[in-house]
Amino acid sequence: QLNIRGRLILGFSVLCILLAGVVGTTIIKVRSVSESTDRTVNLRVPTAMTASDLVAGIYASLASLRGWLITGNEAFKTERAGLWKEIQTRGSEMDSLSGKWTVEQNKQDWKQAKPLLDELRSAQDKAEAIAHTIDEQPAAKMLATEAAPLAKIMLQTATSIIDEEGNIASTDQRKSLLIGF
């Protein structure tokens, strides 16, 4: 019942509405992809890199501590101190990034992990302080504090007995020599 002109206008209008719907949907999807990309680039990748650097720093500090414990080389102590400064920096970065995280469980996990870093550092500091001291090995400590003094007394006693026996033997020898003449 519509003439050609009406049909063309109706068809063109339907095409324009469809095109507007497609363009609107595309704009919404592009915005969603842009937000997701922005979150990935500005939050997730930095979080992953910082966490990776944090883990690498922890492993490196453990390696430096092992080096110190095995060799006693002061360079390992210095290296470990520098590594802990880096670990603290990475921890601060994680603190600032965690405020932007969208998953609440991740925030809770970081809050629980953060004090463990302090405990780890404290344990490493204790191990470093004990290393290459008498307290490093309980057996060596026991030897130095309990067995060595006893051994010293025994050696002194044995030495005095030997000296005494030597004096007695030399006196007996003198008597023999005197009698033999």
Side-chain angles (χ1 to χ4, degrees), residues 1-138 140-141:
Q1 299 178 5
L2 291 173
N3 60 16
I4 293 274
R5 182 173 183 240
R7 288 182 192 167
L8 285 173
I9 290 175
L10 180 65
F12 185 70
S13 297
V14 169
L15 283 176
C16 285
I17 291 171
L18 285 173
L19 185 60
V22 168
V23 168
T25 302
T26 302
I27 289 172
I28 291 170
K29 293 295 181 183
V30 167
R31 185 175 296 140
S32 173
V33 169
S34 175
E35 289 171 359
S36 178
T37 302
D38 184 53
R39 178 167 294 290
T40 299
V41 169
N42 295 322
L43 183 62
R44 292 204 166 102
V45 169
T47 297
M49 290 179 68
T50 302
S52 177
D53 290 345
L54 188 66
V55 169
I58 291 169
Y59 280 122
S61 74
L62 289 169
S64 294
L65 180 61
R66 280 189 213 103
W68 160 247
L69 294 175
I70 293 169
T71 66
N73 186 342
E74 292 288 327
F76 288 114
K77 284 175 67 175
T78 305
E79 179 181 355
R80 194 178 76 79
L83 288 166
W84 272 103
K85 287 180 184 175
E86 281 295 314
I87 290 169
Q88 288 175 327
T89 301
R90 298 296 173 243
S92 297
E93 289 175 17
M94 287 293 280
D95 284 339
S96 66
L97 289 168
S98 69
K100 301 172 191 170
W101 293 345
T102 55
V103 179
E104 206 51 46
Q105 183 62 43
N106 291 345
K107 291 178 182 181
Q108 292 302 318
D109 289 346
W110 173 243
K111 284 182 183 177
Q112 291 174 353
K114 191 175 174 189
L116 296 176
L117 285 175
D118 295 332
E119 289 180 36
L120 176 64
R121 183 170 190 180
S122 176
Q124 284 187 356
D125 289 345
K126 286 178 187 175
E128 181 181 284
I130 291 173
H132 306 289
T133 67
I134 193 67
D135 293 328
E136 181 178 22
Q137 296 178 354
K141 182 179 181 180

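Keep in mind it's a predicted model, so treat the numbers as computed, not measured. What you see below is based on every heavy atom in this structure, not just the backbone, and it leaves out hydrogens, waters and symmetry mates. In what follows, residues are counted from 1 in the order of the sequence shown.
Atom CD of E35 is separated from atom OG1 of T40 by 11.5 Å, given to the nearest 0.5 angstrom. Of the inter-residue distances, the one linking N106 atom CG with L97 atom CG reads 12.0 Å to the nearest 0.5 angstrom. Between atom CG of residue D118 and atom CD of residue Q88 there is a gap of 8.0 Å, rounded to the nearest 0.5 Å. In this structure, NE2 in H132 is found 9.0 Å from CD1 in I70, a value given to the nearest 0.5 Å. One distance of note links OG1 of T89 with CG of D53; it measures 11.0 Å at 0.5 Å rounding. Note: Q108 CD to K111 NZ = 5.0 Å, rounded to the nearest 0.5 Å.
In this structure, W110 and D95 approach most closely via the heavy-atom pair NE1-OD1, 2.7 Å. The nearest pair of heavy atoms linking Q124 to S61 is NE2-OG, 3.2 Å. Taking all atoms of both residues into account, the shortest heavy-atom contact from L69 to A131 is CD2-CB, 3.1 Å.
Considering only heavy atoms from C-beta on, F76 stays 4.5 Å or farther from R66 through its side chain. Counting heavy atoms from C-beta on, the side chains of S122 and K126 come closer than 4.5 Å. Using a 4.5 Å cut-off on side-chain heavy atoms (C-beta onward), R44 and T102 make contact. In this structure the side chain of L117 reaches within 4.5 angstrom of the side chain of L54, judged on heavy atoms. In this structure, the side chains of Y59 and L83 stay at 4.5 Å or more apart for every pair of heavy atoms.
With salt bridges taken as basic N to acidic carboxylate O contacts below 4.0 Å, none links D38 and R31.
Side-chain atoms of S52 do not come within 3.5 Å of backbone N or O of A48 as any donor-acceptor pair. A donor-acceptor pair is defined here as one N or O able to donate and one able to accept, closer than 3.5 Å; such a pair exists between the side chain of S13 and the backbone of I9. Between the side chain of T50 and the backbone N or O of T47, no donor-acceptor pair lies under 3.5 Å. Under a 3.5 Å cut-off, the side chain of S64 and the backbone N or O of A60 do form a donor-acceptor pair. Of the possible polar contacts, none joining the S36 side chain to the S32 backbone as a donor-acceptor pair under 3.5 Å is found.
By the 6.0 Å contact criterion, CD1 on I4 is open, its count of non-hydrogen atoms from other residues, nucleotides or ligands being 12 or less.
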Let me see the working for N42 and K100 under side chain to side chain contact (heavy atoms under 4.5 Å, CB included), right down to the final yes or no. CA-CA 10 Å; N42 295 322; K100 301 172 191 170; over 6 Å; no

I'd like to know whether R90 forms a salt bridge (Lys or Arg N to Asp or Glu O under 4.0 Å) with E86, so could you lay out the CA-CA distance, the side-chain angles of the two residues, the decisive distance to 0.1 Å, and finally the verdict. CA-CA 6 Å; R90 298 296 173 243; E86 281 295 314; 3.3 Å; yes

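Annotation: cation-pi pair K107/W101 absent, no NZ/CZ under 6.0 Å from the ring centroid and within 45° of its normal.
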